[in-house]
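Proteins get letters first, then strands, A, B, ... in listed order; numbering begins at 1 in each. Computed from heavy atoms alone, side chains included, the values below leave out hydrogens, waters and symmetry copies.
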Amino acid sequence: MYNINRDLANIFKKMAAIYEFLDDRFRAMAYQRAAHIIEDLPEDIRNYIVSGKLYMIRGIGPSIASKIEEYVKTGKIQKFEELKKQVPEDFIELIDLPGFGPKTLKKIHDELGISTKEELVKALKDGRVEKLEGFGPKKVENMLKGLQMYEISKRRIILWEALQISEYLKEKLKSGLKEIKKIEVAGSVRRRKETIGDIDILVTAEDKYRSKIMDFFTSIEEVSEVLVKGPKKSSVIMKFEGKERQVDLRIFNDDEWGAALQYFTGSKQHNVHLREIAKEKGLKINEYGVFDAKTDKKIAGETEESVYQSVGLKWIPPELREDRGEIEASMRDALPDLVELKDIKGDLHVHSTWSDGVVSIKEIIDFVKKKYRYDYIAITDHSKSQRVAHGLDEGRLLEEINEIKLLNKMIGFDFVKTGIEVDILLDGSLDLPDDVLSKLDWVVASVHSHFNRDNTDRIIKAMENPYVNVIGHMTGRLIGLREGYPVDMNAVIKAAKETGTALEINAQPRRMDIDEIWIRKAVEEGVKLVISTDAHNLGNFAFMEIGVYIARRGWAEKKDILNTGSWKDIQRFITEKRKRFGVKYV
DNA sequence: GCCGTTTTCGGCCCGACTGTTTTCAGTCG
């Protein structure tokens, strides 16, 4: 699907890069900000023009708004075309590289007449750059390294991997250094973003131990390179399973902890906004605390709560800190009461050896009953179209149902719910007939074929089946591996509301599908969501955590998530839909 | 280019580290 928002965001990012090169920092900032805002919009930007809401978005002023309208009308932005002529094409990309700032590139361009990446590499290697005033061998070395590093920094890792690495490093530092008092991973890991660039670790310790801590950190066995090393901050490249990651460590005093945590958790936009508010109130916030701007007297900083409180705000959960309205909500004391892992009462998308799972239903029961305090789980194996996954036909599904009944008898209550992940076929019909689906406790319907077309029509048709309770992994995306197929999510959310169908938040770490933007939209529309692990083995049940994080980033509360309720609540949801369609209900 | 219960003009977050300097500019997050 043609995504005008993404196109516009990319243009504004490039314009920001050009303005940076032209040393117009603040204009660059404005365009950067606009690009982020447009990326985050839940709807096609053309809808905002039509409804007149474009001008009401904070960060989009008259000039950028008129450029958006120009692009929508003509497919071009005249100013962008003009700007491109002022900067060598390659430099728009180069400005993002570590070690390549606007001043550096401009000097190289002006004094050596260099305008392509190739010429630049050559000049770096043959010593021409090194001879420029203000340059030297180290700077040239770092620029060459920056070119190499670029590939690494572009490859972001998924949240799950970042959480594993974070836990490992926390444990390593804590056990190796008794001098560390507090330790936390901040940055986008703490905000639980879908993908992570760098890992930021914060610790507190007495001043005298700083050099010892930095020595230990920079010599951890996974460290392949030390980028910077100082008493307060060090940066290294670490290698995990062949993948390189930048890891930063910062040391603070105990009374600075809250301010440091707040500062380094970000996001950048959230912090900038927060600082603006502080400034209006005559305060100054930095990573060491909140200060009176005039007297420099410290008034807060030991806890994050105190930092927010000092500017008149309630503490904001890290998952919300993206400057998407959370600061305003905090001011009004109207922050959502976000769903938590402990609220989850069961898992409604689980595969067993009946299809492509690797453990039997019996093993799943033993494991889940021991490790999780769930009230129910639904076994939802694949249907027959999924031949490679040994999908179930009607006969085998009935056998599976019988096995579940027997197992429940042994448990003493209906802990395991019978279910299916039924394929949505090309025409939107389902892989099993209604009379079979009607016998099941829970029906997930998913698209597993024809990934190269817009599948909105298929999904909506599936929702119109009275026995379909939830749509599984909506877009089919696999982060970093495969783009999702196009889906008109506004239409899907509307259909979900009208038909009484839930939407799945698939917690597989590479899926996280639907994403936070659409979760928020669904929540706003009052559409119910289900967080599911789509487990194929016992380890996968741990992914529930990921699903909850993504739900929280989408502002979801406990009441929005169907599987925070009892099975009775879920039955009520199922019955509601069947009633609407006038079919027999449980 | 955006924004405003101290502003419609004059600000725009701010501190750490590095490299090239010899007191600081550039970059980064």
| note | Protein heavy-atom contacts under 4.0 Å, written 5' to 3' over nucleotides 16-24 of chain B as B (base), S (sugar-phosphate only) or - (none), form the string SSSSSS---
Detail all sub-3.5 Å separations between protein N/O atoms and N/O atoms belonging to nucleotides 7-9 of chain B.
none

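- Residues of residues 104-114 of chain A having a heavy atom closer than 4.0 Å to DNA chain B, listed by number: A/Thr104.
- Taking the salt bridge (Lys or Arg N to Asp or Glu O under 4.0 Å) definition, one finds that A/Lys232 meets it with nothing, sequence neighbours left out.
- The stretch residues 103-136 of chain A participates, sequence neighbours left out, in these ring-ring contact (aromatic ring centres under 6.0 Å, His included) pairs: A/Phe91-A/His109.
- The nearest whole Å value for the distance from the CZ atom in A/Arg33 to the C1' atom in B/dC2 is 7 Å.
- Partners of A/Arg477 according to the salt bridge (Lys or Arg N to Asp or Glu O under 4.0 Å) rule, which considers only residues two or more places apart in sequence or in another chain, are A/Glu194.
- Considering only residues two or more places apart in sequence or on other chains, A/Lys342 meets the salt bridge (Lys or Arg N to Asp or Glu O under 4.0 Å) condition with A/Glu340.
- Atom OH of A/Tyr31 is separated from atom C1' of B/dC3 by 16 Å (rounded to the nearest Å).
- With hydrogens and angles left out, the side chain of A/Tyr263 and the base of B/dG15 share no donor-acceptor pair within 3.5 Å.
- At the heavy-atom level, A/Gly187 lies nowhere under 4.0 Å from the strands shown.
- A/Glu70 meets the salt bridge (Lys or Arg N to Asp or Glu O under 4.0 Å) test with no other residue; sequence neighbours excluded.
- Across the protein-nucleic acid pair, A/Asp248 atom CG and B/dT27 atom C1' stand 14 Å apart, rounded to whole Å.
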Throw together a table of side-chain donor-acceptor distances under 3.5 angstrom for residues 12-24 of chain A, partners on residues two or more places apart or in other chains.
| unit_1 | atom_1 | unit_2 | atom_2 | d |
| --- | --- | --- | --- | --- |
| A/Lys13 | NZ | A/Glu39 | OE2 | 2.8 |
| A/Asp24 | OD2 | A/Arg27 | NH1 | 2.4 |

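- Annotation: ring-ring contact (aromatic ring centres under 6.0 Å, His included) contacts involving residues 157-211 of chain A, sequence neighbours excluded, comprise A/Trp160-A/Phe543.
- Within the structure, the side-chain hydrogen bond (donor to acceptor under 3.5 Å, both in side chains) test picks out the following pairs touching residues 112-134 of chain A (sequence neighbours left out): A/Asp126-A/Arg128.
- Taking a 4.0 Å limit (strictly below) on heavy-atom distances, residues 268-277 of chain A reaches DNA chain B at A/Lys268, A/Val272, A/Arg275.
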